[in-house]
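In what follows, a single structure is set out as C-alpha coordinates and then discussed.
Just so it is clear: chains get the letters A, B, ... in the order the sequence lines come, proteins before strands, and each one is counted from 1.
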There are 2 protein chains.
Amino acid sequence: MNKTEIQEIIKSHFPTLNRDSVIILSKYASFLNLKKRTELISERKRHHKFYLILKGSVKAYYTKESKEVCSWFAFENEIVATIKAFNGLPSNETVVLLEDSKLLQFKTESIKELAKTNLDISHLMNCIIIEHAVFLEEKLYQLQFMSSEERYKALTNVGPEILQKVSLTDIASYLGVSRETLSRIRKKK
Amino acid sequence: MNKTEIQEIIKSHFPTLNRDSVIILSKYASFLNLKKRTELISERKRHHKFYLILKGSVKAYYTKESKEVCSWFAFENEIVATIKAFNGLPSNETVVLLEDSKLLQFKTESIKELAKTNLDISHLMNCIIIEHAVFLEEKLYQLQFMSSEERYKALTNVGPEILQKVSLTDIASYLGVSRETLSRIRKKK
DNA sequence: GTGATTTTGTGATAATTGTCAAATGATTTC
DNA sequence: GAAATCATTTGACAATTATCACAAAATCAC
(Lines give C-alpha, C1' and ligand atoms only; values in the text may rest on other atoms or scores of the structure.)
Protein backbone atom coordinates (compact mmCIF):
# COMPACT_ATOMS: atom_id res chain seq x y z
CA MET A 1 0.00 0.00 0.00
CA ASN A 2 1.43 3.39 -1.02
CA LYS A 3 1.18 6.83 0.61
CA THR A 4 -1.65 7.98 -1.68
CA GLU A 5 -3.80 5.03 -0.67
CA ILE A 6 -3.05 5.68 3.02
CA GLN A 7 -4.05 9.32 2.52
CA GLU A 8 -7.34 8.22 0.95
CA ILE A 9 -8.09 6.01 3.96
CA ILE A 10 -7.28 8.80 6.42
CA LYS A 11 -9.43 11.20 4.44
CA SER A 12 -12.46 8.93 4.43
CA HIS A 13 -12.16 8.02 8.12
CA PHE A 14 -11.54 11.54 9.38
CA PRO A 15 -13.59 13.73 7.02
CA THR A 16 -13.14 16.87 9.13
CA LEU A 17 -9.42 17.02 8.32
CA ASN A 18 -8.24 19.44 5.67
CA ARG A 19 -5.98 18.33 2.80
CA ASP A 20 -2.70 19.44 4.41
CA SER A 21 -3.43 17.67 7.67
CA VAL A 22 -4.21 14.44 5.83
CA ILE A 23 -0.80 14.58 4.17
CA ILE A 24 1.03 15.36 7.41
CA LEU A 25 -0.84 12.63 9.29
CA SER A 26 -0.05 10.07 6.58
CA LYS A 27 3.67 10.57 7.28
CA TYR A 28 3.21 8.98 10.68
CA ALA A 29 0.89 6.20 9.50
CA SER A 30 1.68 2.82 8.03
CA PHE A 31 -0.31 -0.11 6.73
CA LEU A 32 -0.12 -3.48 8.47
CA ASN A 33 -1.40 -6.92 7.54
CA LEU A 34 -1.15 -9.13 10.61
CA LYS A 35 -2.02 -12.69 11.55
CA LYS A 36 -4.58 -13.84 14.10
CA ARG A 37 -3.32 -13.79 17.70
CA THR A 38 -0.72 -11.06 17.06
CA GLU A 39 -0.44 -8.83 20.14
CA LEU A 40 -0.88 -5.15 19.30
CA ILE A 41 -0.43 -4.07 22.92
CA SER A 42 1.07 -6.17 25.72
CA GLU A 43 0.53 -5.95 29.44
CA ARG A 44 3.23 -4.13 31.42
CA LYS A 45 4.87 -2.76 28.26
CA ARG A 46 4.92 0.75 26.88
CA HIS A 47 3.50 1.25 23.41
CA HIS A 48 4.04 4.09 21.03
CA LYS A 49 1.43 3.27 18.43
CA PHE A 50 -2.32 3.31 18.07
CA TYR A 51 -4.34 1.64 15.34
CA LEU A 52 -7.35 1.94 13.06
CA ILE A 53 -8.92 -1.39 12.07
CA LEU A 54 -9.48 -1.49 8.31
CA LYS A 55 -10.54 -5.13 8.31
CA GLY A 56 -10.60 -7.59 11.18
CA SER A 57 -11.16 -7.47 14.94
CA VAL A 58 -9.39 -7.40 18.30
CA LYS A 59 -10.06 -8.20 21.91
CA ALA A 60 -8.54 -6.50 24.95
CA TYR A 61 -8.10 -8.27 28.26
CA TYR A 62 -6.60 -7.92 31.70
CA THR A 63 -4.96 -10.87 33.43
CA LYS A 64 -6.45 -11.67 36.83
CA GLU A 65 -4.97 -14.65 38.69
CA SER A 66 -3.60 -16.01 35.39
CA LYS A 67 -7.06 -15.83 33.81
CA GLU A 68 -7.95 -13.58 30.89
CA VAL A 69 -10.78 -11.17 31.61
CA CYS A 70 -11.94 -9.28 28.52
CA SER A 71 -12.46 -5.55 28.81
CA TRP A 72 -13.51 -4.66 25.26
CA PHE A 73 -13.66 -5.68 21.62
CA ALA A 74 -13.15 -3.61 18.49
CA PHE A 75 -14.11 -4.16 14.87
CA GLU A 76 -13.82 -2.56 11.44
CA ASN A 77 -13.43 1.23 11.36
CA GLU A 78 -12.75 1.45 15.08
CA ILE A 79 -9.73 2.93 16.84
CA VAL A 80 -7.56 0.64 18.96
CA ALA A 81 -5.82 2.43 21.83
CA THR A 82 -5.69 2.59 25.57
CA ILE A 83 -5.48 5.78 27.57
CA LYS A 84 -2.51 4.37 29.49
CA ALA A 85 -0.55 3.70 26.29
CA PHE A 86 -1.63 7.06 24.87
CA ASN A 87 -0.16 8.77 27.95
CA GLY A 88 3.14 6.89 27.54
CA LEU A 89 2.52 4.66 30.54
CA PRO A 90 2.82 0.86 30.59
CA SER A 91 -0.44 -0.74 29.49
CA ASN A 92 -2.31 -2.85 31.98
CA GLU A 93 -4.22 -4.65 29.29
CA THR A 94 -3.25 -6.82 26.37
CA VAL A 95 -4.79 -6.28 22.92
CA VAL A 96 -4.71 -9.20 20.50
CA LEU A 97 -6.08 -9.87 17.01
CA LEU A 98 -9.11 -12.16 16.88
CA GLU A 99 -8.47 -12.90 13.18
CA ASP A 100 -6.08 -11.97 10.35
CA SER A 101 -6.48 -8.21 10.12
CA LYS A 102 -5.54 -5.15 8.09
CA LEU A 103 -4.64 -2.11 10.17
CA LEU A 104 -3.42 1.44 9.89
CA GLN A 105 -0.76 2.11 12.53
CA PHE A 106 -0.11 5.63 13.87
CA LYS A 107 2.85 6.89 15.88
CA THR A 108 1.32 8.25 19.05
CA GLU A 109 4.12 10.61 20.08
CA SER A 110 4.50 12.13 16.61
CA ILE A 111 0.79 12.82 16.41
CA LYS A 112 0.70 14.31 19.89
CA GLU A 113 3.57 16.56 18.77
CA LEU A 114 1.64 17.56 15.66
CA ALA A 115 -1.40 18.39 17.78
CA LYS A 116 0.65 20.96 19.68
CA THR A 117 0.99 23.13 16.60
CA ASN A 118 -1.82 21.95 14.30
CA LEU A 119 -5.31 22.96 15.35
CA ASP A 120 -6.93 20.59 12.88
CA ILE A 121 -5.18 17.58 14.39
CA SER A 122 -5.71 18.79 17.95
CA HIS A 123 -9.42 18.88 17.15
CA LEU A 124 -9.28 15.38 15.66
CA MET A 125 -7.61 14.05 18.80
CA ASN A 126 -10.33 15.71 20.85
CA CYS A 127 -12.99 13.93 18.84
CA ILE A 128 -11.28 10.56 19.13
CA ILE A 129 -10.89 10.87 22.90
CA ILE A 130 -14.45 12.07 23.36
CA GLU A 131 -15.68 9.08 21.38
CA HIS A 132 -13.60 6.82 23.61
CA ALA A 133 -15.03 8.52 26.72
CA VAL A 134 -18.60 8.05 25.40
CA PHE A 135 -17.81 4.36 24.91
CA LEU A 136 -16.41 4.08 28.44
CA GLU A 137 -19.41 5.88 29.98
CA GLU A 138 -21.82 3.60 28.15
CA LYS A 139 -19.94 0.49 29.30
CA LEU A 140 -19.81 1.77 32.87
CA TYR A 141 -23.55 2.43 32.77
CA GLN A 142 -24.21 -1.10 31.55
CA LEU A 143 -21.95 -2.64 34.18
CA GLN A 144 -23.54 -0.67 37.00
CA PHE A 145 -27.20 -0.59 36.00
CA MET A 146 -27.97 -3.59 33.82
CA SER A 147 -28.18 -7.28 34.76
CA SER A 148 -25.84 -9.68 32.96
CA GLU A 149 -28.84 -10.81 30.91
CA GLU A 150 -29.64 -7.26 29.78
CA ARG A 151 -25.97 -6.65 29.00
CA TYR A 152 -25.81 -9.79 26.89
CA LYS A 153 -28.81 -8.61 24.89
CA ALA A 154 -27.29 -5.15 24.47
CA LEU A 155 -24.10 -6.77 23.20
CA THR A 156 -25.83 -8.98 20.64
CA ASN A 157 -28.06 -6.10 19.52
CA VAL A 158 -24.97 -4.21 18.37
CA GLY A 159 -24.58 -6.78 15.61
CA PRO A 160 -24.13 -10.46 14.87
CA GLU A 161 -20.40 -10.21 14.19
CA ILE A 162 -19.51 -10.21 17.86
CA LEU A 163 -20.97 -13.70 18.30
CA GLN A 164 -19.27 -14.93 15.15
CA LYS A 165 -15.84 -13.66 16.12
CA VAL A 166 -15.68 -13.73 19.91
CA SER A 167 -15.80 -16.92 21.98
CA LEU A 168 -18.50 -17.27 24.62
CA THR A 169 -15.75 -17.64 27.21
CA ASP A 170 -14.49 -14.17 26.31
CA ILE A 171 -18.01 -12.73 26.20
CA ALA A 172 -18.73 -14.21 29.64
CA SER A 173 -15.62 -12.60 31.13
CA TYR A 174 -16.52 -9.33 29.38
CA LEU A 175 -20.01 -9.44 30.93
CA GLY A 176 -18.56 -10.30 34.32
CA VAL A 177 -20.29 -13.67 34.69
CA SER A 178 -19.02 -17.25 34.56
CA ARG A 179 -19.11 -19.27 31.31
CA GLU A 180 -21.80 -21.47 32.82
CA THR A 181 -24.07 -18.57 33.74
CA LEU A 182 -23.78 -17.15 30.21
CA SER A 183 -24.66 -20.57 28.82
CA ARG A 184 -27.82 -20.57 30.96
CA ILE A 185 -28.71 -17.02 29.91
CA ARG A 186 -28.46 -18.10 26.26
CA LYS A 187 -30.63 -21.15 26.89
CA LYS A 188 -33.50 -19.03 28.21
CA LYS A 189 -34.10 -17.36 24.85
CA MET B 1 -15.45 37.97 42.99
CA ASN B 2 -14.03 40.12 40.19
CA LYS B 3 -12.50 39.17 36.82
CA THR B 4 -8.92 39.46 38.06
CA GLU B 5 -9.57 36.96 40.82
CA ILE B 6 -11.24 34.58 38.36
CA GLN B 7 -8.20 34.90 36.11
CA GLU B 8 -5.92 34.01 39.01
CA ILE B 9 -7.95 30.86 39.73
CA ILE B 10 -7.90 29.80 36.07
CA LYS B 11 -4.17 30.42 35.91
CA SER B 12 -3.42 28.30 38.95
CA HIS B 13 -5.70 25.44 37.91
CA PHE B 14 -4.56 25.32 34.29
CA PRO B 15 -0.88 26.27 34.45
CA THR B 16 -0.23 25.32 30.80
CA LEU B 17 -2.39 28.20 29.56
CA ASN B 18 -0.67 31.34 28.31
CA ARG B 19 -1.69 34.79 29.55
CA ASP B 20 -3.99 35.64 26.62
CA SER B 21 -5.88 32.34 26.89
CA VAL B 22 -6.46 32.89 30.59
CA ILE B 23 -8.04 36.25 29.84
CA ILE B 24 -10.21 34.89 27.02
CA LEU B 25 -11.30 31.91 29.12
CA SER B 26 -12.22 34.15 32.03
CA LYS B 27 -14.80 35.91 29.82
CA TYR B 28 -16.83 32.71 29.79
CA ALA B 29 -16.37 31.87 33.45
CA SER B 30 -18.29 33.03 36.48
CA PHE B 31 -18.09 32.45 40.20
CA LEU B 32 -20.92 30.73 42.05
CA ASN B 33 -21.66 30.21 45.71
CA LEU B 34 -24.43 27.61 45.98
CA LYS B 35 -26.33 25.84 48.75
CA LYS B 36 -26.28 22.13 49.55
CA ARG B 37 -28.64 20.05 47.37
CA THR B 38 -28.54 22.50 44.43
CA GLU B 39 -28.71 20.55 41.16
CA LEU B 40 -25.90 21.48 38.78
CA ILE B 41 -27.09 19.04 36.12
CA SER B 42 -30.53 17.43 35.92
CA GLU B 43 -31.57 14.20 34.27
CA ARG B 44 -33.21 14.53 30.84
CA LYS B 45 -32.21 18.17 30.51
CA ARG B 46 -29.59 19.79 28.31
CA HIS B 47 -26.87 21.73 30.08
CA HIS B 48 -24.59 24.35 28.70
CA LYS B 49 -22.18 24.72 31.57
CA PHE B 50 -19.41 22.79 33.22
CA TYR B 51 -17.85 23.50 36.59
CA LEU B 52 -14.64 23.55 38.59
CA ILE B 53 -15.09 22.91 42.31
CA LEU B 54 -13.20 25.53 44.32
CA LYS B 55 -14.62 24.40 47.64
CA GLY B 56 -17.20 21.72 48.33
CA SER B 57 -18.31 18.45 46.78
CA VAL B 58 -20.91 16.85 44.48
CA LYS B 59 -22.43 13.48 43.76
CA ALA B 60 -23.73 12.24 40.41
CA TYR B 61 -26.48 9.64 40.13
CA TYR B 62 -28.76 7.87 37.69
CA THR B 63 -32.35 7.09 38.56
CA LYS B 64 -33.22 3.40 38.28
CA GLU B 65 -36.79 2.44 39.18
CA SER B 66 -37.11 5.66 41.20
CA LYS B 67 -33.97 4.84 43.17
CA GLU B 68 -30.80 6.91 43.08
CA VAL B 69 -27.72 4.99 41.98
CA CYS B 70 -24.52 7.00 42.37
CA SER B 71 -22.06 7.00 39.50
CA TRP B 72 -19.34 9.30 40.82
CA PHE B 73 -18.34 11.93 43.35
CA ALA B 74 -16.16 15.00 42.92
CA PHE B 75 -14.30 17.19 45.38
CA GLU B 76 -12.14 20.30 45.53
CA ASN B 77 -10.12 21.14 42.40
CA GLU B 78 -12.03 18.65 40.26
CA ILE B 79 -13.99 19.29 37.08
CA VAL B 80 -17.72 18.56 37.05
CA ALA B 81 -19.07 17.61 33.64
CA THR B 82 -20.66 14.74 31.76
CA ILE B 83 -19.75 13.71 28.24
CA LYS B 84 -23.43 13.79 27.29
CA ALA B 85 -23.84 17.37 28.47
CA PHE B 86 -20.53 18.33 26.88
CA ASN B 87 -21.81 17.01 23.54
CA GLY B 88 -25.00 19.05 23.86
CA LEU B 89 -27.17 16.00 24.54
CA PRO B 90 -29.64 15.62 27.43
CA SER B 91 -27.86 14.30 30.50
CA ASN B 92 -28.85 10.93 31.84
CA GLU B 93 -27.44 11.65 35.23
CA THR B 94 -28.17 14.24 37.89
CA VAL B 95 -25.35 16.11 39.64
CA VAL B 96 -26.11 17.66 43.02
CA LEU B 97 -24.12 19.50 45.67
CA LEU B 98 -23.32 17.47 48.80
CA GLU B 99 -22.64 20.67 50.79
CA ASP B 100 -22.59 24.46 50.37
CA SER B 101 -19.99 24.94 47.64
CA LYS B 102 -17.99 27.54 45.75
CA LEU B 103 -17.68 26.86 42.01
CA LEU B 104 -16.34 28.32 38.83
CA GLN B 105 -18.88 27.93 36.01
CA PHE B 106 -17.82 27.75 32.34
CA LYS B 107 -19.98 28.10 29.24
CA THR B 108 -19.44 24.85 27.34
CA GLU B 109 -20.42 26.06 23.87
CA SER B 110 -18.34 29.23 24.07
CA ILE B 111 -15.28 27.28 25.11
CA LYS B 112 -15.79 24.67 22.39
CA GLU B 113 -15.98 27.57 19.93
CA LEU B 114 -12.76 29.02 21.33
CA ALA B 115 -11.05 25.64 20.96
CA LYS B 116 -11.76 25.71 17.22
CA THR B 117 -9.43 28.65 16.73
CA ASN B 118 -7.25 28.64 19.85
CA LEU B 119 -4.65 25.87 20.00
CA ASP B 120 -3.90 26.54 23.65
CA ILE B 121 -7.52 25.98 24.66
CA SER B 122 -7.91 23.00 22.34
CA HIS B 123 -4.96 21.43 24.14
CA LEU B 124 -6.50 22.21 27.52
CA MET B 125 -9.75 20.53 26.48
CA ASN B 126 -7.73 17.51 25.39
CA CYS B 127 -6.11 17.28 28.79
CA ILE B 128 -9.41 17.60 30.63
CA ILE B 129 -11.05 14.89 28.54
CA ILE B 130 -8.05 12.57 28.84
CA GLU B 131 -8.16 13.00 32.60
CA HIS B 132 -11.86 12.14 32.53
CA ALA B 133 -11.14 9.05 30.39
CA VAL B 134 -8.41 7.92 32.81
CA PHE B 135 -10.95 8.24 35.63
CA LEU B 136 -13.54 6.23 33.68
CA GLU B 137 -11.05 3.48 32.78
CA GLU B 138 -9.98 3.16 36.40
CA LYS B 139 -13.57 2.93 37.57
CA LEU B 140 -14.38 0.37 34.90
CA TYR B 141 -11.37 -1.68 35.95
CA GLN B 142 -12.51 -1.62 39.56
CA LEU B 143 -16.07 -2.56 38.67
CA GLN B 144 -14.99 -5.45 36.47
CA PHE B 145 -12.00 -6.84 38.34
CA MET B 146 -12.34 -6.03 41.99
CA SER B 147 -14.76 -7.41 44.58
CA SER B 148 -17.04 -4.95 46.34
CA GLU B 149 -14.81 -5.31 49.39
CA GLU B 150 -11.67 -4.39 47.44
CA ARG B 151 -13.50 -1.49 45.80
CA TYR B 152 -14.61 -0.16 49.18
CA LYS B 153 -11.01 -0.23 50.40
CA ALA B 154 -9.81 1.49 47.23
CA LEU B 155 -12.43 4.20 47.75
CA THR B 156 -11.50 4.86 51.38
CA ASN B 157 -7.79 4.82 50.54
CA VAL B 158 -8.31 7.85 48.29
CA GLY B 159 -8.93 9.89 51.41
CA PRO B 160 -11.11 10.25 54.48
CA GLU B 161 -13.24 13.06 53.04
CA ILE B 162 -15.39 10.70 51.01
CA LEU B 163 -16.64 8.98 54.18
CA GLN B 164 -17.19 12.31 55.89
CA LYS B 165 -19.22 13.80 53.06
CA VAL B 166 -20.98 10.91 51.34
CA SER B 167 -23.65 8.74 52.97
CA LEU B 168 -23.10 4.99 53.14
CA THR B 169 -26.29 4.54 51.12
CA ASP B 170 -24.72 6.52 48.27
CA ILE B 171 -21.40 4.69 48.61
CA ALA B 172 -23.23 1.33 48.50
CA SER B 173 -25.02 2.25 45.28
CA TYR B 174 -21.74 3.57 43.86
CA LEU B 175 -20.04 0.26 44.67
CA GLY B 176 -22.95 -1.66 43.18
CA VAL B 177 -23.95 -3.46 46.37
CA SER B 178 -26.90 -3.10 48.74
CA ARG B 179 -26.67 -0.91 51.85
CA GLU B 180 -26.84 -4.04 53.98
CA THR B 181 -23.93 -5.72 52.21
CA LEU B 182 -21.78 -2.59 52.60
CA SER B 183 -22.65 -2.52 56.28
CA ARG B 184 -21.41 -6.12 56.60
CA ILE B 185 -18.22 -5.34 54.66
CA ARG B 186 -17.51 -2.50 57.09
CA LYS B 187 -18.14 -4.72 60.09
CA LYS B 188 -15.48 -7.21 58.97
CA LYS B 189 -12.62 -4.75 59.49
C1' DG C 1 -10.63 -37.66 7.66
C1' DT C 2 -9.48 -38.81 12.24
C1' DG C 3 -7.77 -38.18 16.72
C1' DA C 4 -6.73 -34.51 19.85
C1' DT C 5 -7.78 -30.26 21.74
C1' DT C 6 -10.72 -26.62 22.73
C1' DT C 7 -15.22 -24.76 23.45
C1' DT C 8 -19.81 -25.04 25.08
C1' DG C 9 -23.64 -27.02 27.74
C1' DT C 10 -25.80 -29.33 31.94
C1' DG C 11 -26.57 -30.88 36.70
C1' DA C 12 -25.68 -30.69 41.70
C1' DT C 13 -24.02 -28.15 45.44
C1' DA C 14 -21.99 -24.27 48.02
C1' DA C 15 -21.21 -19.49 48.63
C1' DT C 16 -22.57 -14.81 48.03
C1' DT C 17 -25.61 -11.25 47.97
C1' DG C 18 -30.26 -9.19 47.86
C1' DT C 19 -34.60 -8.46 50.19
C1' DC C 20 -37.59 -7.72 53.92
C1' DA C 21 -38.40 -6.48 58.67
C1' DA C 22 -37.10 -4.47 62.69
C1' DA C 23 -33.94 -2.12 65.95
C1' DT C 24 -30.62 1.21 66.95
C1' DG C 25 -28.15 5.48 66.24
C1' DA C 26 -27.70 10.10 64.33
C1' DT C 27 -29.54 14.48 62.60
C1' DT C 28 -32.83 17.84 61.62
C1' DT C 29 -36.74 20.75 62.63
C1' DC C 30 -39.71 23.48 65.12
C1' DG D 1 -34.70 19.83 73.74
C1' DA D 2 -38.14 16.56 72.26
C1' DA D 3 -40.36 14.66 68.33
C1' DA D 4 -39.78 13.41 63.91
C1' DT D 5 -37.10 12.07 60.25
C1' DC D 6 -33.29 9.87 58.19
C1' DA D 7 -29.19 6.72 58.17
C1' DT D 8 -27.11 2.57 59.56
C1' DT D 9 -26.90 -2.02 61.47
C1' DT D 10 -28.50 -6.70 62.24
C1' DG D 11 -30.97 -11.11 61.57
C1' DA D 12 -33.60 -14.45 58.85
C1' DC D 13 -34.61 -16.09 54.53
C1' DA D 14 -34.80 -16.33 49.39
C1' DA D 15 -32.72 -15.75 45.03
C1' DT D 16 -28.82 -15.58 42.22
C1' DT D 17 -24.54 -17.01 40.74
C1' DA D 18 -20.04 -19.44 41.18
C1' DT D 19 -17.77 -23.67 41.31
C1' DC D 20 -16.89 -28.34 40.29
C1' DA D 21 -17.44 -32.40 37.60
C1' DC D 22 -18.38 -34.18 33.46
C1' DA D 23 -20.75 -34.70 28.77
C1' DA D 24 -21.47 -33.11 24.16
C1' DA D 25 -20.20 -30.42 20.29
C1' DA D 26 -17.15 -27.93 17.51
C1' DT D 27 -12.64 -26.89 15.81
C1' DC D 28 -7.80 -27.72 14.85
C1' DA D 29 -3.67 -30.14 13.36
C1' DC D 30 -1.55 -33.50 10.80
| remark: the helix from C:dG1-D:dC30 to C:dC30-D:dG1: angle between terminal helix axes, five bp per end, to the nearest 10 degrees, reads 60°
| query | Is the B:Tyr28-B:Phe106 ring centre distance short of 6.0 angstrom? | reply | no
| said: Salt bridge check, A:Lys35 against A:Asp100: does any charged N sit closer than 4.0 Å to a carboxylate O? | reply: yes
| query | Salt bridge check: are B:Lys59 and B:Glu68 linked by an N-O gap of less than 4.0 Å? | reply | yes
| task | Please name the residue in the list A:Phe73, A:Tyr61, A:Trp72 that meets the ring-ring contact (aromatic ring centres under 6.0 Å, His included) test with A:Tyr174. | result | A:Phe73
| remark: Between A:Thr63 and the options A:Arg44, A:Glu93, A:Glu43, the side chain to side chain donor-acceptor pair (under 3.5 Å) test singles out A:Glu43
| said: So, OP1 or OP2 of D:dC6: does either fall under 4.0 Å of a side-chain N or O from B:Ser167? | reply: no
| query | OP1 or OP2 of D:dT9 less than 4.0 angstrom from a side-chain nitrogen or oxygen of B:Arg186, does that happen here? | reply | yes
| field | Test: B:Lys112 cationic atom under 6.0 Å from B:Phe86 six-membered ring centre, within 45° of axis | value | yes
Just how far, in rounded Å, is [atom2] of [N] from [atom1] of [X]?
X	N	atom1	atom2	result
B:Gln164	C:dA26	CD	P	16 Å
A:Leu163	C:dT8	CG	P	10 Å
B:Ile185	C:dT16	CD1	C1'	11 Å

| Can you give one letter per nucleotide of nucleotides 11-30 of chain D, going 5' to 3': B for a protein heavy atom under 4.0 Å from the base, S for sugar-phosphate only, - for none? | BB----SSBB----------
| query | Just wondering, are more than 12 heavy atoms of other shown residues or ligands nearer than 6.0 Å to NE2 in A:His123? | reply | no
| field | Step-by-step salt bridge (charged side-chain N to carboxylate O under 4.0 Å, His left out) determination, A:Lys153 to A:Glu150 | value | CA-CA 5 Å; A:Lys153 278 178 194 162; A:Glu150 289 171 315; over 6 Å; no
